[in-house]
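For reference, the structure is listed below as C-alpha cells.
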Amino acid sequence: MARKLDGPADRKTIQALYKERIISYWACKAALSMLQGPRLWLRWINRMLLILGAALCLAGVVFFFAFNWAAMSAFLKFTLIEVSLAACLIGAWFAGIDRLVGKLLLLGASVFTGVFLAVYGQVYQTGADPWELFFGWSLLIIGWVAISRFAALWVLWLAILNTGIILYWAQVAIPNDSLDFGSLCIVLGIINGAAFILREWGSGRGMKWLRVKWLQHLLFVVALAFPTIGTIAVVVDESHYHFPGVLVPVLWMFYIAFAYWFFKFKKANLSALALCVLYVCSVALTLAGRILFEISDDALMFLIFGFIVLVVVGVAAWWLLDTHRKMRKAS
Amino acid sequence: MDDKVLTFGEVFRQLRESGLVSESQEKAAALRLESYGEVQDRESTPWYIKALVAVGAWAAAVFFLVSVGMAFMFELDDKMFILIGLASIAVATILRRVAKEDSIFLAQLAFALCITGHGLTIYGVGEESDSVGVVALVVTVLFGLLYWLYKDGAYRVLGTLMVAGTFSVWFLSENDLNHFIHLLILVEALGVGVLFMKQDLPAFLRPLALGLAVSLGLTPFFVLLPAHELVTPFWPSSIILALGLICLYFAMAKREGGFRYEPLGFAFTATLLFSFSTPGILAAIALMVLGHYLADRVLLGLGFMLLPVFITIYYYSLTMDLLTKSGILFASGAFLIIIRIIISSRPWAREAVEEAGGEVE
C-alpha cells in the first residue's frame, strides 16, 4: 500500500522526511510529539500502575486467605469474602462502569463470586463436583459480564465456562462413557466459535469495546484450537474412530474454510490467515508423520520427514506472502 | 479507550496551523510518502511469516539432526561431527547467498542446514574439548563470521540468542565464573540501549538489537536460580539495569527536547525502588518503556509477557510466611495505585491532558 496523507502516521517515516530535509527539525519534533506526546505516556503509565496495582492487591488478598484459612471461622471467611464482593460492586457503582476502574472492580467482584462458591462448598461439604462450581460461577456472573462492556471480563467468563465443560467431561462423561474426547472438542469448538462470531457481529454493530484486536485473535485461536487438537487426536490414535467424535475433522475443515473466506474476502486479516495456516500445517504434518513412521522409523524416514516439513512450511509461507502482496495492492 | 490513530494529513494540518510547514513542503512530503510506501511494501514481510519460516526450519533441523545421529552416532568420532557440521554451515551459507529473495524453500533449506550444522559442530566441539567455555567461544566466532556472510534476519536473531545462551551456561556451570553473568547482562543492556536509541540504525543491525533485547529478557532467569546453585547475588544486575533505565530516561527526555524534573524524579524514584526487587522486573520494564517509546510492538509484547513472570518469581522467592507476603503484596499494589493518583493530580499531568484535549484513562 503506498503511503498517502490519509494513511496512519508513524515515527520512522516522519524521521525519514526530516533526514531528507523535506521538513524542518522543529516540524519533525512537533510531529513526533503529536505521535508520542506526554498524554500518551501518561495514559500508558496510568494504565500500567492501575492494572499492576490491582493485580498485586488481589494477590495479597488471596495470600492472606491462604495463610489464615485453617484458623478462620466460617463466619469470618464468609464475612470477608462478601464484604470484598460488596466493596467491589459499590466501588464499581461509584466509579462508573464506563471507566477502567469500574470495569476492573466488576472483574474483582466476579472473581470473588468464584471464591465465595469455593468456600461455600468447602464449609458446608455440599458434595458438589468442581464442574458444578464452575457452571454455577459462570451463571451467577453473567449479568455483570453483560453490562460491563469489558473484553477482559468476557474472556474470564468464557474461561470459566470452558473449564466447567472440561471438568464435566473428566468427572462425569468419562466415568459414564457418555462423551468422548472428539465430542468434547466439538462442543468447545462450537461454543468458542459462537463467541468469535458474536464478537465479529457486535463490533460490526458499533460495540466499540469489542473492537480490541487481541480479543479477536484470542477468540479465533481458541475457537480453532480445540477442533485442531481433536483432529490431530483422530489422526494419531485409532481409538478416536467412532461417532460422534470422528466428526471433529469435519468441524475443523468447516472452520478452516470459513476462516479462509472471512479473513481473505470479508475482513482482510493476514495475521488471522497465518494462524489458520499454522493449524493446517500442524494437521498436515501430523498426518504425514503418521503415514511415514508407520512404514518405518529409521534414520531415512527422519530425513524425509525433515524435507516434508520444509516443503509444507515453505508452501504455507509462499501462499501467505502472495496473499500479503495481493491484499496490499487491493487496499 | 483506544486513541484515534493520527494520519499524515492530520499531522501536517496541525503543523501548517502552527506555521511549522508550508503548503509546498506538505506537497513535497505527500509525493515522497508515495515512494516510501512502494519501497516498504517490497521490503516488509510480516514478522509472523518470518517466524513461521524460522520455526519450520528449526523443526526440519531437529529431524535432520536425529537422522544424522541415528545413522552415524556410533560410527563417527567427534572430529567428524565437527567437519560435517562446518560443511553443512558452508553449504547453507552458499545456498542462502544464491537463493533469490522470493525463494522461500531454498531459504528455509539453508536455514535448516545452518542450524543442523551448528548442532553438529557444538556437539563435536563439546565432546572433543569437554569444556563449555570452548563451545561458547566457537559459537561466538561462528556467529561473528556468519553475521556478515549469512544474510538472514532470523539467523542473526537466533545466533545472538545462541551466543548469549552458551555464555550464560558457561558462566553458570563453573562457580569461579558465576559473577560474569552480570557482565553479560551489562553487555546486553548496553547493546539494547545503544542500538535501539540510535536514530539511523542500519537494517542489518536490527536483528542483533532484537536478539540482545530477547536475551536481556531471558538472562535474568539464570541470575534468579536458587542461592545454593549460584555463588553470586543478583543485586549487581539490578544496579546495572536500574542505571541503564535511568540513562534511558535521560536519553528519551533529551531527544524529546526537554527535561521535566518532577516526572523524571518520579521515574528515577520508581526505578531505584524496583532495584530492590529482581533484575528481571527491571529488564521487563526497560523493554516495555523502550517498546512504548519506539512504538515497537515486539519489545512491548516481550516486556508485557516477562513482567508478571518475574513479579511472580520475586514474590514466590521471598523467604517469609504467607501472612507477611500477603501484606507486602497488598501494600505494593496499594502503593502503585497511590502513585497513580498522585501523578494524575500533578499540574504537569493536568497540563498535558488539557493540551491534548483528552482523558488519560
Bottom line for A:L270: the part with an atom under 4.5 Å from chain B's heavy atoms is both
Correct closest heavy-atom pair for A:A27 and B:L20 would be CB-O, 3.7 Å
Of the listed B:L109, B:L307, B:L106, the one with the largest count of heavy-atom pairs under 4.5 Å with chain A is B:L109
How about B:Y48 and A:L275: do any of their side-chain heavy atoms sit closer than 4.5 Å?
no
Honestly, the part of B:I328 sitting under 4.5 Å from a heavy atom of chain A is neither
- Does some side-chain heavy atom of A:F305 sit less than 4.5 Å from a side-chain heavy atom of B:V66? no
- Query: Within a radius of less than 6.0 Å around CZ of B:F330, do more than 12 heavy atoms belonging to other residues, nucleotides or ligands occur?
  - Reply: no
When the 4.5 angstrom heavy-atom criterion is applied to B:Y315 and chain A, the contacting part is side chain
Honestly, the part of B:V68 sitting under 4.5 Å from a heavy atom of chain A is neither
In this structure, CG of B:L33 is separated from CD1 of A:I14 (nearest 0.5 Å) by 8.0 Å
| message | If you define the side chain from C-beta out and look only at heavy atoms, does anything of A:L310 sit under 4.5 Å from B:F111? | response | no
| said: Please verify the inter-ring angle class for B:F64 with A:F307; under 30° counts as parallel, over 60° as perpendicular, anything in between as tilted. | reply: tilted
Notebook entry, point to check: Should B:L323 and A:F64 count as side-chain neighbours, where that means a heavy-atom distance under 4.5 Å?
Noted result: yes
Here the pair of heavy atoms bringing A:V309 nearest to B:A59 is CG1-CB, 4.0 Å
Turns out that what part of A:V311 lies under 4.5 Å from chain B's heavy atoms comes down to both
Note: vs chain B, highest number of non-hydrogen pairs under 4.5 angstrom among A:A274, A:A55, A:S271, A:A54 is A:S271
So, the part of A:D322 with a heavy atom under 4.5 Å from chain B: the answer is neither
If one checks every heavy atom of B:L300 against chain A at 4.5 Å, the contacting part turns out to be side chain
Comparing A:I23, A:L52, A:I45 against chain B, the one with the most heavy-atom pairs below 4.5 Å turns out to be A:L52
Rounded to the nearest 0.5 Å, the CD1 atom of B:I49 sits from the CH2 atom of A:W319 at a distance of 9.5 Å
Would you say B:S67's side chain and A:L300's backbone share a donor-acceptor pair under 3.5 angstrom? no
ask   = Near B:E17 CD, under 6.0 Å, is it more than 12 heavy atoms from other residues, nucleotides or ligands?
value = yes
Step by step, would you call A:L303 with B:F63 a side-chain contact (heavy atoms from CB on, under 4.5 Å)?
CA-CA 6 Å; A:L303 188 68; B:F63 285 100; over 6 Å; no
The interface call for B:L65 against chain A, heavy-atom contacts under 4.5 Å, is neither
Bottom line for B:A112: the part with an atom under 4.5 Å from chain A's heavy atoms is side chain
| request: Find out whether A:L278 and B:V55 are in side-chain contact, i.e. whether some heavy atom of one side chain is under 4.5 Å from a heavy atom of the other. | output: no
So, the part of A:M301 with a heavy atom under 4.5 Å from chain B: the answer is neither
Between A:G60 and B:S326 the two heavy atoms that sit nearest each other are O-CB, 3.1 Å
For A:V313 and B:V53 the tightest heavy-atom approach is CG1-CA, 4.2 Å
CG of A:L49 to CD1 of B:I337, rounded to nearest 0.5 Å, is 9.0 Å
Note: A:N46 and B:R340 closest approach over all heavy atoms is O-NE, 3.0 Å
*Over 12 non-hydrogen atoms of neighbours within 6.0 angstrom of CZ in B:F105*: yes
Scanning both residues in full, the closest heavy-atom pair of B:R32 with A:I22 reads CG-CD1, 3.5 Å
